[in-house]
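Below you'll find the structure, written out as structure tokens, and then a few comments.
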Amino acid sequence: MPSNYAIKEYSLRDADYYMDHVPETIMQKLSEEEHENLKEIFSSALPKASPKLIDFRFVINLIFARYFFVLLVGKDRYKRRKMNQDTPTSHPYHHSFRRFIHRLTAMLLLLTMNLLVSIFVITFIYMILRLCGFNLSVQLPNA
């Protein structure tokens, strides 16, 4: 078996990876032109990654479960199917309103994440300074 069988990361798989999965008896029956056409079909079927403004991924491993968190913010490059004209979502203002709501949600998520990271950093610095013996309490003057 080729070494490509060990690739577990989906994003690292290419057309050659899938060509290795075709049985050898079938591969021997194919001409060189058919072999190249099959390889082109595999490569065109693979999703192409598009750059994102934010690509935030992390995994939380618990004893009983594994959770994957993914936050992607960027342009959606998937082709959308055209909706029927008689559906209620085909209103001309619906698309722009939905786009506005999605952008607003992304901005609120970014601001929330920024706030959480800032609070964590400030708390961490405060705890380090307290451990070093600095007293950061503010004394108000008596009137």
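Counting begins at 1 with the first residue of the sequence. Just so we're clear, the structure is a prediction, and the values are computed from it rather than from any experiment.
To the nearest 0.5 Å, atom CD1 of residue Ile125 and atom CZ of residue Phe120 are 10.5 Å apart. Taken to the nearest 0.5 Å, the CE atom of Met127 stands 14.5 Å off from the CD1 atom of Ile122.
Within the hydrophobic cluster formed by Ile, Leu, Val, Met, Phe, Trp and Tyr side chains joined at under 4.5 Å, directly or through other members, Leu115 is accompanied by Ile119. The hydrophobic cluster around Ile128 extends to Phe124, counting ILVMFWY residues whose side-chain heavy atoms fall within less than 4.5 Å of a member.
The shortest side-chain heavy-atom distance between Lys39 and Asp16 falls under the 4.5 Å cut-off.
Linking Ile, Leu, Val, Met, Phe, Trp and Tyr residues whenever their side-chain heavy atoms come within less than 4.5 Å places Ile60 and Phe64 in a single cluster. Note on Met19: it clusters hydrophobically with Leu46, by side-chain heavy-atom contacts below 4.5 Å among ILVMFWY residues. Placement of Leu129 and Leu131 in two distinct hydrophobic clusters is found when ILVMFWY residues are connected by side-chain heavy-atom separations under 4.5 Å, directly or transitively. When hydrophobic clusters are built by joining Ile, Leu, Val, Met, Phe, Trp and Tyr residues whose side-chain heavy atoms come closer than 4.5 Å, directly or via intermediates, Ile26 is grouped together with Leu38. Val22 is connected to Tyr17 through a chain of hydrophobic side-chain contacts under 4.5 Å among Ile, Leu, Val, Met, Phe, Trp and Tyr, so both are in one cluster.
Listed for the Glu36 side chain is no donor-acceptor partner under 3.5 Å among the backbone atoms of Glu33.
A search for side-chain hydrogen bond (donor to acceptor under 3.5 Å, both in side chains) contacts involving Arg130 returns Asn135, not counting sequence neighbours. Partners of Arg66 by salt bridge (charged side-chain N to carboxylate O under 4.0 Å, His left out), not counting sequence neighbours: none found. Partners of Phe69 by ring-ring contact (aromatic ring centres under 6.0 Å, His included), not counting sequence neighbours, listed by chain and number: Phe58.
Other residues, nucleotides and ligands contribute only 12 or fewer heavy atoms inside 6.0 Å of the CZ atom of Phe134.
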Exercise answer: donor-acceptor pairs, residues 100-113 side-chain atoms, under 3.5 Å, sequence neighbours excluded:
from   : atom 1 : to     : atom 2 : distance (Å)
Thr105 : OG1    : Ile101 : O      : 2.8
Thr112 : OG1    : Leu108 : O      : 2.7

